[in-house]
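Heads up: the structure comes next, in structure tokens.
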Amino acid sequence: MAKTPAQRIKKHGASAAVPQHHLPSVINPSTTRSPQKAQSNSNLILIAGVVASLFLFWYLHLLTLNQLTQLSGGLPMPDSLVGGFDRGFAEQLRSAMDGDARGQLNYVHKTAGTLFPLIFGFTWLLLIGTNVTRKYLRWALWALPLLFAGVRLWGNSVIDAMMSADALDGGQVALASGLTVAGWVLLVLSLVAGVAAVFLGGKTSRARAGTGTGTGTAGH
């Protein structure tokens with residue numbers, strides 16, 4: 001029977017040979033998450049988000065809302081009016097669209113009209129967060145896509161309420177129009193913020209690369 005290390009020391013003294021046990025490493029070096037790998041994963045998510053946002057914008061504004069004009073006698077949907085609309089337009093649109101047509105507009109708002117601002121907002125938050133390192137500037141730029149998503153979702157519900165109300169309310173029309181205009185303005189500002197974030201990210205990367213090159217040269 002093999003002796004334990006304590007029995008070996010008791011019998012042979014300090015000269016006893018005690019076998020050494022080496023535990024295998026539990027860390028797999030191949031799974032190490034490098035900054036380059038993390039950046040690559042972030043870029044893949046960004047690309048997917050941008051593609052999804054472009055598709056949803058096309059599907060919502062250039063396809064679906066445009067097709068709904070066939071149910072309104074050629075009148076555009078409120079969401080498409082960059083400059084807003086007045087009470088006269090709202091009354092004309094309500095008269096031209098029956099219950100089924102209004103139900104289809106409500107369905108569009110609940111599907112593509114909800115997905116577009118949410119996916120766009122998430123993508124732009126990631127885009128800005130990845131490229132902008134200064135905390136105060138990052139939060140300032142983040143405010144734009146966050147506000148855009150909130151305003152667009154609120155605008156959808158107000159437009160649906162306006163279209164389904166028994167009697168048209170002037171204040172409700174003004175709110176729906178204001179939210180529509182604000183949504184388009186915030187969309188444009190969010191796009192500008194995204195371009196600015198990419199520019200700042202590229203500038204930071206070039207500065208880091210220059211610092212690394214200078215350090216390497218000095219070492220030689």
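Only heavy atoms go into these numbers, but all of them, side chains included; no hydrogens, no water, no symmetry mates.
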Quiz item: Minimum heavy-atom separation for F148 to S190, with atom names?
Solution: CB-OG, 4.1 Å
Self-check item: For R152 against P117, the heavy-atom pair lying closest together
Solution: CB-CB, 4.0 Å
Self-check item: N131 to A197 - nearest heavy-atom pair and separation
Solution: CB-O, 3.0 Å
Quiz item: Under the 3.5 angstrom rule, does the side chain of S53 hit a backbone N or O of G49 as a donor-acceptor pair?
Solution: yes
Quiz item: Is there a side chain to side chain contact (heavy atoms under 4.5 Å, CB included) between M77 and M97 once you walk through the steps?
Solution: CA-CA 10 Å; M77 296 299 102; M97 297 181 71; 3.9 Å; yes
Quiz item: Run the side chain to side chain contact (heavy atoms under 4.5 Å, CB included) check on V158 and T180 step by step: do they pass?
Solution: CA-CA 10 Å; V158 174; T180 300; over 6 Å; no
Quiz item: Does the side chain of T69 come within less than 4.5 Å of L75's, by heavy atoms?
Solution: no
Quiz item: Between G183 and V151, what is the shortest heavy-atom contact and its length?
Solution: N-CG1, 3.7 Å
Quiz item: What class does the angle between the rings of W124 and F120 fall in, given that below 30° is parallel, 30 to 60° is tilted and above 60° is perpendicular?
Solution: parallel
Quiz item: Counting heavy atoms not belonging to F57, are there more than 12 under 6.0 Å from its CZ?
Solution: yes
Practice problem: Answer whether the closest heavy-atom distance between the side chains of M163 and L93 falls below 4.5 Å. | Solution: yes
Quiz prompt | Co-membership, hydrophobic cluster, residues L127 and I47, 4.5 Å side-chain | solution = no
In a table with atom names and distances, give each donor-acceptor pair under 3.5 Å that connects a side chain of residues 135-147 to protein atoms at least two apart or in another chain.
{"unit_1": "R138", "atom_1": "NH1", "unit_2": "V132", "atom_2": "O", "d": "3.2"}
{"unit_1": "R138", "atom_1": "NH1", "unit_2": "T133", "atom_2": "O", "d": "3.2"}
{"unit_1": "W142", "atom_1": "NE1", "unit_2": "L125", "atom_2": "O", "d": "2.8"}

Quiz item: Excluding sequence neighbours, so at least two apart, what forms side-chain hydrogen bond (donor to acceptor under 3.5 Å, both in side chains) with D79?
Solution: H109
Exercise. Please answer: with hydrophobic residues joined when any side-chain heavy atoms are less than 4.5 Å apart, are V185 and V195 in the same cluster?
Key: no
Practice problem: State plainly whether one hydrophobic cluster holds both L186 and V188, where clusters connect Ile, Leu, Val, Met, Phe, Trp and Tyr through side-chain heavy atoms under 4.5 angstrom apart. | Solution: no
Quiz item: Is it true that a side-chain atom of D169 and a backbone atom of M162 form a donor plus acceptor pair closer than 3.5 Å?
Solution: no
Practice problem: Not counting sequence neighbours, which residues clear side-chain contact (heavy atoms from CB on, under 4.5 Å) with T64? List them please. | Solution: Y59, V108
Practice problem: Determine whether V82 and L63 fall in the same hydrophobic cluster, where Ile, Leu, Val, Met, Phe, Trp and Tyr are linked whenever their side-chain heavy atoms lie under 4.5 Å apart. | Solution: yes
Quiz item: In chain order, what residues pass the salt bridge (Lys or Arg N to Asp or Glu O under 4.0 Å) check against R87, with sequence neighbours excluded?
Solution: E91
Quiz item: Just how far is it from atom CG of L65 to atom CG of L105, taken to the nearest 0.5 Å?
Solution: 7.0 Å
Quiz item: Roughly how far apart are S80 OG and L62 CG, rounded to 0.5 Å?
Solution: 8.5 Å
Quiz item: Do the side chain of N106 and the main chain of R102 share a donor and acceptor less than 3.5 angstrom apart?
Solution: no
In a table with atom names and distances, give each donor-acceptor pair under 3.5 Å that connects a side chain of residues 170-179 to protein atoms at least two apart or in another chain.
{"unit_1": "S177", "atom_1": "OG", "unit_2": "F85", "atom_2": "N", "d": "3.0"}
{"unit_1": "S177", "atom_1": "OG", "unit_2": "F85", "atom_2": "O", "d": "3.1"}

Quiz item: What closest approach, in Å, do L126 and T130 show between heavy atoms, and which atom pair accounts for it?
Solution: O-OG1, 2.6 Å
Self-check item: Any L81 side-chain heavy atom under 4.5 Å of V181 side chain
Solution: no
Exercise. Check whether any side-chain heavy atom of Y107 lies under 4.5 Å from a side-chain heavy atom of T111, and answer yes or no.
Key: yes
Self-check item: Verdict with supporting geometry, W184 and L187, side chain to side chain contact (heavy atoms under 4.5 Å, CB included)
Solution: CA-CA 5 Å; W184 283 105; L187 176 61; 4.0 Å; yes
Quiz prompt | In one Ile/Leu/Val/Met/Phe/Trp/Tyr side-chain cluster, 4.5 Å: I128, V51 | solution = no
Exercise. Can you sort out the partners of W58 under ring pair (Phe, Tyr, Trp, His ring centres under 6.0 Å), two or more places apart, ordered by chain and number?
Key: F55
